[in-house]
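Notes follow the structure.
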Amino acid sequence: MKIFDDKHIKNVVLVGAHNSGKTALCETMLFEAGLINRRGTIEDKNTVSDYHDVEHERQASVFATPIHTEWRNYKINIIDTPGLDDFIGEIISSIRVGDTIATVINGRQGVEVGTEIIWNYSDKYNKPTLFIINQIDHPDCHFDDAFKSIKTLVGNNAVQIQYPIKLDGAHCIVDVLKMKCYKFGPEGGKPEKLAIPDSEKEKADTLHNELVEKAAENDEELMELYFDKGTLSEDEMRQGIKIGMLNHDLFPVFCVSALMDMGSGRLMGFIDNVAPAAADLKSQQSVEGDEIVPKVNAPTSLFVFKTLYQSNLGKITFFKVKSGEINVNDKLTNSRSGETEVINQLFIMDGKNREPVDKLTVGDIGATLKLKFTETTDTLYSGNKPITIKPIQYPEPRIQKAVSVENKADDEKLSEALRRIHKQDPTVEITYSKESKELLLGCQGELHLSIIDWMLVNEYRLNVTYSKPKIKYRETIQRSSTANYRHKKQSGGSGQFAQVHLKIEPWIEGMPEPEGFNIRGKEEVDLPWGGKLVFYNCIVGGVIDLRYLPSIMKGIMEVMEEGPLTGSYIRDVRVMVYDGKMHPVDSNDISFKIAGAHAFREAFLNAKPKLLEPTNELTVKVPEDMVGNVMTDLQSRRSIIQGFANLDRYQILKCTIPAAELYGYSTDLRSLTQGKATFSSKFSSYQLVPSNIQQQLVKAEV
């Protein structure tokens, strides 16, 4: 296969909301370039990018799929991404390695919530971005409204390159960069090039002049030329547009009908001639603080952006060459693990098809098989000086489920399956809670969960049950209490004897030392589950030997690990052991552990015990006209609104909410707002549970 240099490699990521037409556009681009001789459709389950069984079943993209094609001596790597934010991990990973983000807009809908979510990541990474308004042949397409929605999203730096018209009943595209009119036949395909009709000349000239001004704004030399000549040549405009895209200051807007193959050839020509190539990109700084120069003669560095497991191939690792070049049999070091990986095979991937190559150069995207130590977001490098590319930061899970298998013999198989799924999609989080003895699965939403379940059933042959995770309550006390317990057991020979007197109090940071006790020792324990136990030795006269105090404390800790109210962890208590008795023969460690545990339990139940519940900071981004419904729902979930902020047409609500009330929130919020609202949450603190809810929880444990 021909090896392209960094000036002739274009990496384009197709992003956009669900049903905007990304996969259809991808097929059309491949068809135009001659990679395929017949365009597939999602309905016929024969597209190059949507080739997974689950995608055929769902008739929607679930995975980001790299594909390549060639167009007029350029190599275009295309990554077709899902449109639903449940699969945001696939989208973010692709954006990170894209040189141009091509955002597809449904011409009937304009910018949608999914578009905005994806734009936020393109904007965050400062990626050159163009917009493509699709379905211009549809009777309900509203191009002008769609363009206005793009300007609302990105500002006045969105600039039209094209707009659609009807001419003698035929669909046409007026291109104000080339100042041509492209007329398409009923079946689309190669257009007829015409002069711009007189009826459109004034509008086209106005848009052309706007484009010239926008192109000139991005470069001083071009601005001087513009002032001198009053215009720019087509090549000069291309140069200005490219600079504007690289600076993330100009966003060209195109129009196509992906389904009918209208405008895709012109779009690919723009990608070739104007969109940034690998050689145009700015240098990047490594985690070590060094410059990663995107040149072929620099040390090799590969950034791993995707991992995929296939039954017939095993582990496939997708990467972008960030600097240098990679050859078959090269040895590279993993900057995270320090392990050496041998690149035994190199491939260009086109959906499920792979084409072997001997070498890939800077800027290119490829894949290899069966790396032992390398995972998504890792960096592989050559030479003695470490190179680490900044890892991808994925969003936290929005829903969590407890997951188990019907057949306990499959526990280990389930753990291995979930481990692989996490490696494929880092937005899937797997944790085991020792506290609740549950395997917890975190993901981005109910649809995301349904895909994970599909994989477990169909690929790993596991029947899995999902349930609401147990809330990690805490128990504490609200007042002081004293208790004593005598443990005495005689069963022939040496017996057991211990008596312990103690007082407990609520512990608060910075509180004074207890009064009325002769403090002879103090131990502060930072509890693994949060909070503290402060243990005081207040024994006078040696009534309990010092060697038994650790046993008393051990007994107290056993009770704290399974509180008397609901079996939850106890926190924020201080204990003063001030009296007791021992026997010269029958006293031992086990006796004092038992006595300490019973005394502490009795004192705890008499100290006005209270349940604490975890609360989260919740941030909800909601359209202004839907704020009322969302707030009503939040209030029903015992949330406390902390504040509001305006963001364009949205309100940002910040509140605290009990973690117990967040179960099912993702689904309910989507239903309340037709999918137009988004949210994020993170743990905040533990707060007192209302008395009526505490009574219900305690009763449920009895």
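Excluded from the calculations below are hydrogen atoms, water molecules and symmetry mates; all remaining heavy atoms, backbone and side chain alike, are included.
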Could you go through Asn463 and Asp410, starting from their C-alpha distance and side-chain angles, then the distance that decides it, and tell me whether this counts as side chain to side chain contact (heavy atoms under 4.5 Å, CB included)?
CA-CA 9 Å; Asn463 292 317; Asp410 287 334; over 6 Å; no

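- In this structure, Glu90 contributes its side chain and Ala64 its backbone to a donor-acceptor pair below 3.5 Å.
- Here the CG-OG distance, from Asp378 to Ser337, works out to 6.5 Å after rounding to the nearest 0.5 Å.
- Contact annotation: the side chain of Pro514 never approaches that of Lys503 to less than 4.5 Å [non-hydrogen atoms, C-beta and beyond].
- Between the side chain of Asn458 and the main chain of Trp454, a donor-acceptor pair closer than 3.5 Å is present.
- Panel note: side chain Gln496, backbone Lys489; no donor-acceptor pair is recorded below 3.5 Å.
- Glu661 and Ser639 are not linked by any side-chain donor-acceptor pair at a separation below 3.5 angstrom, with hydrogens and angles left out of the test.
- Contact of the Leu618 side chain with the Ser681 side chain is registered, since non-hydrogen atoms from C-beta on lie closer than 4.5 Å.
- In the model, Glu116 has a side-chain atom that pairs as donor or acceptor with a side-chain atom of Tyr650 under 3.5 Å.
- Not a single donor-acceptor pair under 3.5 Å links the side chain of Gln424 to the backbone N or O of Lys306.
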Hey, mind stepping through Thr388 and Glu288 against side chain to side chain donor-acceptor pair (under 3.5 Å) and telling me if it holds?
CA-CA 7 Å; Thr388 306; Glu288 292 82 8; 2.6 Å; yes

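- Distance check: Ile91 CD1 to Ile88 CD1 gives 4.0 Å after rounding to the nearest 0.5 Å.
- Contact annotation: the side chain of Gln696 never approaches that of Pro690 to less than 4.5 Å [non-hydrogen atoms, C-beta and beyond].
- For Ser591, the side-chain hydrogen bond (donor to acceptor under 3.5 Å, both in side chains) test picks out Asn588, with sequence neighbours left out.
- Taking the six-membered ring where tryptophan is involved, the planes of Tyr485 and His487 are essentially parallel, since the angle between them stays under 30° and well short of 60°.
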Would Glu475 and Thr566 count as a side chain to side chain donor-acceptor pair (under 3.5 Å) here? Give the steps.
CA-CA 8 Å; Glu475 299 181 16; Thr566 60; 3.0 Å; yes

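- Note that OG1 of Thr377 and CD of Gln393 are 8.5 Å apart. Values are rounded to the nearest 0.5 Å.
- Atom CD1 of Ile640 sits in a sparse spot, with 12 or fewer heavy atoms from other residues, nucleotides or ligands closer than 6.0 Å.
- In this structure the side chain of Leu84 never reaches within 4.5 angstrom of the side chain of Pro82, judged on heavy atoms.
- Counted within 6.0 Å of CG on Asn384, heavy atoms from surrounding residues, nucleotides or ligands total 12 or fewer; the atom is thus considered open.
- The distance from atom NE2 of His448 to atom CD1 of Ile451, rounded to the nearest 0.5 Å, is 8.5 Å.
- Atoms CD1 and CD, on Ile504 and Glu602 in that order, are 10.0 Å from each other to the nearest 0.5 Å.
- With Glu375 as reference, Lys315 is the one residue of Lys315, Arg420, Arg419, Arg336 to meet the salt bridge (charged side-chain N to carboxylate O under 4.0 Å, His left out) rule.
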Can Gln285 and Asp290 be said to form a side chain to side chain donor-acceptor pair (under 3.5 Å), step by step?
CA-CA 6 Å; Gln285 193 176 57; Asp290 300 317; over 6 Å; no

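- Applying the ring-ring contact (aromatic ring centres under 6.0 Å, His included) rule to Tyr665 yields the partners Phe679; only residues at least two apart in sequence or on another chain are considered.
- Side-chain contact of Asp572 with Thr476: a donor-acceptor pair under 3.5 Å is absent, judged by distance alone.
- Side-chain atoms of Val403 and Tyr466, non-hydrogen and from C-beta on, do get closer than 4.5 Å to each other.
- Aromatic ring pairs are classed by plane angle as parallel below 30°, tilted from 30° to 60° and perpendicular above 60°; the pair Trp529 and Tyr569 is parallel.
- Residues satisfying the side-chain contact (heavy atoms from CB on, under 4.5 Å) test with Tyr663, not counting sequence neighbours, are Lys401, Lys468, Pro469.
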Let me see the working for Cys443 and Thr427 under side chain to side chain contact (heavy atoms under 4.5 Å, CB included), right down to the final yes or no.
CA-CA 6 Å; Cys443 58; Thr427 65; over 6 Å; no

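- Contact of the Phe600 side chain with the Ile570 side chain is registered, since non-hydrogen atoms from C-beta on lie closer than 4.5 Å.
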Please walk me through it: do Thr615 and Gln687 pass side chain to side chain donor-acceptor pair (under 3.5 Å)?
CA-CA 7 Å; Thr615 62; Gln687 300 294 331; 4.8 Å; no

Under the side chain to side chain contact (heavy atoms under 4.5 Å, CB included) rule, what do Leu441 and Ile430 come out as? Steps first, then yes or no, please.
CA-CA 5 Å; Leu441 166 63; Ile430 311 299; 3.4 Å; yes

Distance-only donor-acceptor hits, side chain of residues 548-562, under 3.5 Å, sequence neighbours excluded:
unit_1: Tyr548; atom_1: OH; unit_2: Ser587; atom_2: O; d: 3.1
unit_1: Ser551; atom_1: OG; unit_2: Asp589; atom_2: OD1; d: 3.0
unit_1: Glu558; atom_1: OE2; unit_2: Lys593; atom_2: NZ; d: 3.0

Begin with the C-alpha distance, continue with both residues' side-chain angles, and end with the deciding distance and a verdict on side chain to side chain contact (heavy atoms under 4.5 Å, CB included) for Phe319 and Leu380.
CA-CA 9 Å; Phe319 59 83; Leu380 297 173; over 6 Å; no

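- When only modelled atom types and interatomic distance are considered, Thr376 and Thr307 share a side-chain donor-acceptor pair under 3.5 Å.
- Glu429 places no side-chain N or O within 3.5 Å of a backbone atom of Glu396 that could act as its donor or acceptor partner.
- How far OG of Ser93 is from OH of Tyr121: 10.5 Å, rounded to the nearest 0.5 Å.
- A heavy-atom distance below 4.5 Å is not found between the side chains of Glu438 and Gln400.
- Gln499 pairs in a side-chain hydrogen bond (donor to acceptor under 3.5 Å, both in side chains) with only one of the listed residues (Arg486, Lys581, Lys488), which is Arg486.
- When the options Lys472, Lys470, Arg474 are evaluated for a salt bridge (charged side-chain N to carboxylate O under 4.0 Å, His left out) with Glu435, the one that passes is Arg474.
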Side-chain donor-acceptor pairs of residues 530-547 under 3.5 Å, sequence neighbours excluded:
unit_1: Lys532; atom_1: NZ; unit_2: Glu524; atom_2: OE1; d: 2.7
unit_1: Tyr536; atom_1: OH; unit_2: Glu513; atom_2: OE1; d: 2.4
unit_1: Asn537; atom_1: OD1; unit_2: Ile539; atom_2: N; d: 3.0
unit_1: Asp545; atom_1: OD1; unit_2: Arg547; atom_2: N; d: 3.0

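- Between Met455 and Val54, the closest side-chain pair of non-hydrogen atoms is not below 4.5 Å.
- Applying the 6.0 Å contact sphere to NZ of Lys610 captures more than 12 heavy atoms from other residues, nucleotides or ligands.
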Ignoring hydrogens and angles, write down the donor-acceptor pairs under 3.5 Å from the side chains of residues 667-674, residues two or more places apart or on other chains.
unit_1: Asp668; atom_1: OD2; unit_2: Arg637; atom_2: NH2; d: 2.6
unit_1: Arg670; atom_1: NH1; unit_2: Asp86; atom_2: OD1; d: 3.3
unit_1: Arg670; atom_1: NH2; unit_2: Asp85; atom_2: OD1; d: 3.4
unit_1: Arg670; atom_1: NH2; unit_2: Asp86; atom_2: OD1; d: 2.9
unit_1: Thr673; atom_1: OG1; unit_2: Leu669; atom_2: O; d: 2.8
unit_1: Thr673; atom_1: OG1; unit_2: Lys676; atom_2: N; d: 3.4
unit_1: Thr673; atom_1: OG1; unit_2: Ala677; atom_2: N; d: 3.2

